[in-house]
Number of protein chains: 2
Amino acid sequence: MKRPTMKDVARAAGVSPMTVSRAVSGEPGVSPGTAARVEQAVRQLGYQRNDNARNLRRKNPGTSTIGLVVDDLANPFYALMARSVEDEAHRRGCLVLVGSTNDEPRREREVIAAFTARQVDGLLLVPTIGGHGFLKQPMEGGTRVVCVDRPAKGLAVDTVTVDNRAGAERAVRHLLAQGHTRIAYLGDRFGIWTQRERHAGYRDALAAHGIPEDPALVRHDLRSRSDAAAALAALRALPGPPTALFTTNDVITMGVMGALGPADRVDVVGFDDFPLADRLSPPLSVVSQDPVALGATAAHLLFSRIDGDRSAPRSVVLLTRLIVRGPGQHDS
Amino acid sequence: MKRPTMKDVARAAGVSPMTVSRAVSGEPGVSPGTAARVEQAVRQLGYQRNDNARNLRRKNPGTSTIGLVVDDLANPFYALMARSVEDEAHRRGCLVLVGSTNDEPRREREVIAAFTARQVDGLLLVPTIGGHGFLKQPMEGGTRVVCVDRPAKGLAVDTVTVDNRAGAERAVRHLLAQGHTRIAYLGDRFGIWTQRERHAGYRDALAAHGIPEDPALVRHDLRSRSDAAAALAALRALPGPPTALFTTNDVITMGVMGALGPADRVDVVGFDDFPLADRLSPPLSVVSQDPVALGATAAHLLFSRIDGDRSAPRSVVLLTRLIVRGPGQHDS
DNA sequence: GTCCGGCTTGGTAACGTTCCCATTCTCAAC
DNA sequence: GTTGAGAATGGGAACGTTACCAAGCCGGAC
């Protein structure tokens, strides 16, 4: 019923618990014969080492566990990132605790508190819009933190992002080059850093063409596909409807594309690529970012911190790629 | 540098560690004044309880951690399931360790061993094609196991699946009703239980119409979108090419749809719905299953087992829904 | 004054493991 | 025969926490 312990194995093998510890952990200083007897007892009892107790006692600190905190694990973008992080962790013999925040600072705090209480070696964090002062204490206690996708306000840690502003600017510039002047912006919460950056890129491109931003064409706070579809309907009901759309994440893009038909003559550029995006009509151009690279880069940074890198925090910016589909097609 | 412990808090508050323990865990028997002093010391030192040490000592066994083992966390289907599981766990104050197996029995063993070594209370498992005898020992040790999406061969545990065979049969019956007789089957590894079931459903439908299965139209082992696209190309190069396709998971469906153009006159039904599947051409009908319900149901089962339910293993089968798109459109 | 019950508090041991050191043994070299 | 080096093994303490029980204190009832 109860799990066997080293003491049980020791009794069965006729040695001391200490010897079992050494044998099970593959440490030197155990004769082959003893090792065999121990292994036999281990198999017979179905013994497995309790790694929690182990991590408690070990001098070499560390639990070989990291926490991954994302906005929403179900979002394909974060799902790809999570998988990539998990692969890196697995390669290193490290486990991954996951948590979704829903962009709620309260839930973020809860999840992170639960993770640090379990003594994770590090946190890979897609920070919410809330403050992150509460991370100072765990960080002084040795928990390493790396931010992905967005920086955390007032937190000096490694951060991996993409060139959101430049990517958005290039996307809108492409639409301007197609002759559009009424380009709508459909975005998520303005509080989210990526959204502010992408909005800035949108304004950059308009400004470069001397076009003033039309507030009626700018919609923020779209949290779901249906929000996006509703915003699109409202935009098209305007006296001067937009002739092109810039959507700032995959969810919004999907909401918009779901509401458009093949007959609709609107040019759309969306942030984030997704499967079969190239098979839609009207054609959908995208600013593509690589969530796998994002996750892997962040994981590498985190692990090098865990391994003792104490240099100044780094900020890594990965590049996006504009993929043009439909008329005017050429990559850039 | 080092994390403060209860002893440190006790010293700072001028009480014993035992009192700190009670205060921090919100147990009764601490006077309001003492509780306030302890809380003050906790805040001042930035103390956080070490839950690993706690779980080691507690009589009430359990680490409030479960392990989720899926085929591939990046697959949208499993991503949705994972999110749903995480939500249930969060509601219960439980953490989730995740691992992907890639359908490799070796990696599955590694991941599960690492999870049980951390004393997880339960495992939510999408089993690989390998055997699962190695789970007997941890289960006797108290680790509860629930299988999702597929059963594990020779393992008497709760299992949550969908009606794969009936769903596939209905899908192919729909194609037959459209007048097709040459219906190709494009599937993943035959070793995977869901794939065998879906293949059986495909045969059921053909048999009911007195149509013999044509081995040339049946392709197994498609592991990626490009595998599926290649298989489609080969099928279309046949002397008697298929006029309709049945694809048995989202990846294969995407591979096929990515290779088809709007001009192609082929009827396609795929297992698994996905975003914007309704906006493709040729139109794509799907057998839709609900990964969120799958995850939530499995999580509920697991938690009731963890809470002490010792009844005989249950098998829950959720229903799929055929969503017909294009000609002959009507749900069922 | 004695006794009792309730409330608060603390001391000690233990969870399962590993660190640190001491002990034993073997074999070779002087 | 003594010494010593090296390998194998074990004993005790400790990691940070909680279970268990004992002790102190207070007020009230007899």
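Since the structure is predicted, the reported quantities are computational estimates derived from the model, not experimental observations. In what follows, every chain begins at residue 1, and chains take the letters A, B, ... in the order their sequences are listed.
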d(CE, A:Met6; P, D:dG11) in whole Å: 16 Å
Any A:Thr19 side-chain N or O less than 4.0 Å from OP1/OP2 of D:dA8: no
Given D:dA13, D:dA19, C:dG10, the nucleotide with the shortest approach to the side chain of B:Val15: C:dG10
Proximity to the side chain of B:Thr5 - top-ranked nucleotide from D:dG16, C:dT17, C:dG16: D:dG16
Side chain proximity check, B:Asp8 to B:Tyr47, heavy atoms < 4.5 angstrom: no
Step-by-step side-chain contact (heavy atoms from CB on, under 4.5 Å) determination, A:Val146 to A:His300: CA-CA 10 Å; A:Val146 171; A:His300 281 140; over 6 Å; no
Per A:Lys59 side chain, nearest of listed nucleotides D:dT9, C:dT18, C:dC19: C:dC19
Candidate nucleotides D:dC15, C:dG11, D:dT9, ranked by approach to the side chain of A:Arg57 - the nearest: D:dC15
Rounded interatomic separation in angstrom, taking CZ from A:Arg11 and P from D:dT9: 19 Å
Below 4.0 Å: OP1/OP2 of D:dT18 and any side-chain N or O of B:Ser21: yes
Closest to the B:Arg58 side chain, choosing from D:dG11, D:dT17, D:dA19: D:dA19
B:Glu27, nearest nucleotide to its side chain (from D:dC15, D:dA19, D:dT17): D:dA19
side-chain N/O A:Ser25 vs C:dT18 OP1/OP2, d < 4.0 Å: yes
B:Asn55 CG to D:dC15 C1', straight-line distance once rounded to whole Å: 15 Å
Non-hydrogen side-chain atoms of B:Val317 and B:Val162 separated by less than 4.5 Å: no
Phosphate OP1/OP2 of D:dT9 contacted by A:Ser31 side-chain N/O (<4.0 Å): yes
Among D:dT9, C:dG11, D:dG11, the nucleotide that comes nearest once only the side chain of A:Met18 is considered: D:dG11
Distance below 4.0 Å between B:Lys2 side-chain N/O and D:dG16 OP1 or OP2: yes
Touch class at under 4.0 angstrom, heavy-atom based, for A:Arg22 against every strand present: base
Heavy-atom neighbours of A:Glu39 CD exceed 12 at 6.0 Å: no
N/O donor-acceptor pair under 3.5 Å between B:Thr65 side chain and B:Val120 backbone: no
Nearest listed nucleotide, side chain of B:Leu56, among D:dT18, C:dC19, C:dG16: C:dG16
Candidate nucleotides D:dC15, C:dG10, C:dC19, ranked by approach to the side chain of B:Lys7 - the nearest: D:dC15
Over 12 non-hydrogen atoms of neighbours within 6.0 angstrom of CZ in B:Arg106: no
Gap between atoms CG and C1', on A:Asn52 and C:dA14 respectively (whole Å): 17 Å
Rounded distance (Å) that lies between atom P of C:dT9 and atom CZ of B:Arg37: 8 Å
Candidate nucleotides D:dT17, C:dT18, C:dG10, ranked by approach to the side chain of A:Arg49 - the nearest: C:dT18
Side-chain N or O of B:Arg54 closer than 4.0 Å to phosphate OP1/OP2 of D:dT18: yes
